[in-house]
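Note that the structure is a prediction, hence the values are computed from the model and not measured.
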Amino acid sequence: MRRRQRPVAPFARLLALTAAACCLAQVQEEQNEVDDEVGQPETNATIVPTQIETFFPTFSPTIGETTVPSVPPSDAPLYLVRDFLLEKKDIIEERVLVSYNPQTRNRFPSTQYTFEALIESLDYMSNEFQAESEFTFDLWQSDEDTYILGLVNVALFLANAMSESIQYDACSELNWDGKNGKFPLSNACGQLGRSYQDENCAQGSTEFFSCEVDVDMEVTAVSQGLQARAPPPLQCGPDVSGYWDVASQTVKDSKLANTAGRTDNVGCCWFGRGSLQTRNVCNIGKFNYYFGKRGAEFERTTKYPDIDFCRFPESICTSIYGSELRWLTGLFEWSERVQRYETEFWNYRGKLETFVKNGFRGRSFVDSISRILVKGCHLENCAESEARMLGLRRQFAFMIINDVFDLKSLVRTGSPTRTPTQRPTHQEQEYRPPQTPAPIEKPETFAPVGESFFFGPVKPDNTASDKTDRDPVYVKPDDGGAGNDLIGIKDNGARRKQIGAFS
């Protein structure tokens, strides 16, 4: 009679498997000893593991430094310009993002233009901006051989922003084009002979960018000069006329023409706003297409799809997103108008590289950039008048390049361009701003510009907090209108009123 075989207990089966594993491990160890005696191949070729599944690897893993990184350096994005600016945060806030109160003769940290908002806006414009690459702000920061070009680009931008808006701590354009103590209210239509509502985009494919002029629109700017007896904020609307009289500190009802001959303020809502004082129906219209509601209507992905900057141009200053919008308008205009500027014998990138290779010498390149921004051309005498505050823009540019960024130290310690500093072929000497810069040019204006105030310590300005154009207060209208909380305040005092367009 056959004896019935008893089933193997689970524990006994586990012991058997363990013994088998030990045998396999011993065989593997002996094989490794043989491999060590034979030696590894002279090449560093990676041994491909066997395709047969086993409980144990065929070869023991190599212990030591990996010769090939798991993620190649080229795949890891570099933010060299951003990292550099973060290291320079304190001196940028002390020397660049400062404003001046001519009444107290004190410098104070700008409330309108902050470092954090600058970095966020640069990140967006250089990395996230969903538009044609030619409209991004060039930093060239992923390449150690070119990122110094990006630093110079930032320095030139900041120098012009200091001249246009930061020194005044203003978002909206100020009324500064006057004569004999009289400042026409029609300066809202344009200053120095300009007519902002008539400055359309070029005819053809870009014509549709321009904002339509609404003759019924009424808007009051949020910014006013800090100097004593400063003219009131610019204002547009069919019922606005007259001029500001400095002597009596009142608005006179008598008509006084601006330098372009305008005495009315109908449709004159296109004065400058933001870090570079972006103005006119063309530039604001382009911003609305690439950032605002106009682009969203064309099924573009825009950052502010619910804000119509053509209907509410002052929202650049009064929106809940104002801190970033003040920077973004300027960065976009710089990218679109300065970086893309090119003639038969002149282009921005080429001249920028030459300026860096020549050791940041020569004022002609810096002055050309200011002319391109202000006048749309780069040559001296290319326009009927010279770029306003050209000398100050130059002084700010070299202050940032030499003293704030100290770019020459990068060249000495290993220039990102890796090109030895060369002397220019012409005889023009290196330009550095004097220790005591000359006063700002002001041809018969009442501009709140002042003295050599960027070369001393920042002092607290006790009067700044008392100004109604500091730190906007955003009030949602009682009617609960959709989107009104995005474009700004309804009313915050006589100097801070948006009327008509927000009704």
Would you compute the distance between atom [atom1] of [X] and atom [atom2] of [Y] and round it to the nearest 0.5 angstrom?
{"X": "Asp138", "Y": "Gln339", "atom1": "CG", "atom2": "CD", "answer": "4.0 Å"}
{"X": "Arg279", "Y": "Ser172", "atom1": "CZ", "atom2": "OG", "answer": "11.0 Å"}
{"X": "Met162", "Y": "Leu158", "atom1": "CE", "atom2": "CG", "answer": "8.0 Å"}
{"X": "Asp264", "Y": "Asp239", "atom1": "CG", "atom2": "CG", "answer": "11.5 Å"}

With a 4.0 Å cut-off, would you call [X] and [Y] a salt bridge?
{"X": "Lys89", "Y": "Glu116", "result": "yes"}
{"X": "Glu342", "Y": "Arg349", "result": "no"}
{"X": "Asp214", "Y": "Arg311", "result": "no"}
{"X": "Glu386", "Y": "Arg371", "result": "yes"}

Shortest non-hydrogen contact from [X] toward [Y]:
{"X": "Gln141", "Y": "Arg82", "result": "OE1-N, 3.0 Å"}
{"X": "Ile166", "Y": "Ser99", "result": "O-OG, 2.6 Å"}
{"X": "Gly330", "Y": "Ser275", "result": "CA-OG, 3.4 Å"}
{"X": "Met389", "Y": "Ser163", "result": "CE-O, 3.2 Å"}
{"X": "Tyr341", "Y": "Cys377", "result": "OH-CA, 3.6 Å"}
{"X": "Asn258", "Y": "Gly190", "result": "ND2-O, 3.3 Å"}

Indicate yes or no for a side-chain donor-acceptor contact from [X] to the backbone of [Y] under 3.5 Å, with no hydrogens or angles considered.
{"X": "Asn265", "Y": "Leu185", "value": "yes"}
{"X": "Ser126", "Y": "Leu139", "value": "no"}
{"X": "Asn347", "Y": "Gly350", "value": "yes"}
{"X": "Asn180", "Y": "Lys182", "value": "no"}
{"X": "Arg337", "Y": "Ile372", "value": "yes"}
{"X": "Gln103", "Y": "Leu226", "value": "yes"}
{"X": "Trp244", "Y": "Arg229", "value": "yes"}
{"X": "Glu314", "Y": "Val219", "value": "no"}
{"X": "Gln191", "Y": "Leu174", "value": "yes"}
{"X": "Gln277", "Y": "Glu173", "value": "yes"}

Side chains of [X] and [Y] in contact at under 4.5 Å (non-hydrogen atoms):
{"X": "Met125", "Y": "Ser335", "result": "yes"}
{"X": "Arg340", "Y": "Phe135", "result": "yes"}
{"X": "Ser223", "Y": "Tyr168", "result": "no"}
{"X": "Ser385", "Y": "Leu192", "result": "no"}
{"X": "Asn127", "Y": "Tyr79", "result": "yes"}
{"X": "Leu331", "Y": "Leu122", "result": "yes"}
{"X": "Leu156", "Y": "Val366", "result": "yes"}
{"X": "Tyr196", "Y": "Ile284", "result": "no"}

Q: Please say whether more than 12 non-hydrogen atoms of neighbouring residues, nucleotides or ligands are located less than 6.0 Å from NZ in Lys88.
A: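 Yes, enclosed.
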Q) So, do Phe129 and Phe137 have ring centers that fall under 6.0 Å from each other? A)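 No, they do not, as the ring centres are separated by 6.0 Å or more.
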Q) Can the ring centres of Phe291 and Phe309 be said to be less than 6.0 Å apart? A)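 Distance test on ring centres: not under 6.0 Å, no.
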**Q.** Partner of Trp334 by side-chain hydrogen bond (donor to acceptor under 3.5 Å, both in side chains), out of Asn160, Asn153, Thr278
**A.**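 Considering Asn160, Asn153, Thr278, a side-chain hydrogen bond (donor to acceptor under 3.5 Å, both in side chains) with Trp334 is found only for Asn153.
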Q) In terms of SG positions, are Cys171 and Cys317 separated by less than 2.5 Å? A)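 Yes - the two cysteines, Cys171 and Cys317, have SG atoms within less than 2.5 Å of each other.
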For [X] and [Y], take the angle between the two ring planes, folded into 0 to 90°, and tell me which bin it lands in: parallel under 30, tilted 30 to 60, perpendicular over 60.
{"X": "Tyr348", "Y": "Trp346", "answer": "tilted"}
{"X": "Trp327", "Y": "Phe157", "answer": "tilted"}
{"X": "Tyr289", "Y": "Phe209", "answer": "perpendicular"}

Q: Check step by step if side chain to side chain contact (heavy atoms under 4.5 Å, CB included) holds for Phe398 and Asp403.
A: CA-CA 8 Å; Phe398 282 103; Asp403 302 331; over 6 Å; no
Whether the [X] and [Y] side chains hold a donor-acceptor pair (N or O, under 3.5 Å, no angle test) is what I'd like checked.
{"X": "Lys293", "Y": "Thr302", "value": "no"}
{"X": "Gln197", "Y": "Arg262", "value": "yes"}
{"X": "Ser110", "Y": "Asp169", "value": "yes"}
{"X": "Glu199", "Y": "Asn280", "value": "yes"}
{"X": "Asp177", "Y": "Asn187", "value": "no"}

Q. Given Ile307 and Phe312, is the side chain to side chain contact (heavy atoms under 4.5 Å, CB included) satisfied, shown in steps?
A. CA-CA 8 Å; Ile307 302 181; Phe312 311 108; 5.5 Å; no
(Q) Using salt bridge (charged side-chain N to carboxylate O under 4.0 Å, His left out), reason through Lys375 and Glu384 one step at a time and then give a plain yes or no. (A) CA-CA 9 Å; Lys375 296 295 182 180; Glu384 293 182 0; over 6 Å; no
Q. Should the pair Arg273 and Phe271 be classed as cation-pi, given the thresholds of under 6.0 Å to the six-membered ring centre and 45° from the axis?
A.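 Ring-cation test returns yes.
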Q.
Walk me through whether Tyr243 and Lys252 qualify under side chain to side chain contact (heavy atoms under 4.5 Å, CB included).
A. CA-CA 5 Å; Tyr243 67 91; Lys252 301 295 184 179; 3.5 Å; yes
**Q.** CA sep, side-chain torsions, deciding dist, call: Phe355, Ile401, side chain to side chain contact (heavy atoms under 4.5 Å, CB included)
**A.** CA-CA 12 Å; Phe355 179 70; Ile401 291 172; 3.9 Å; yes
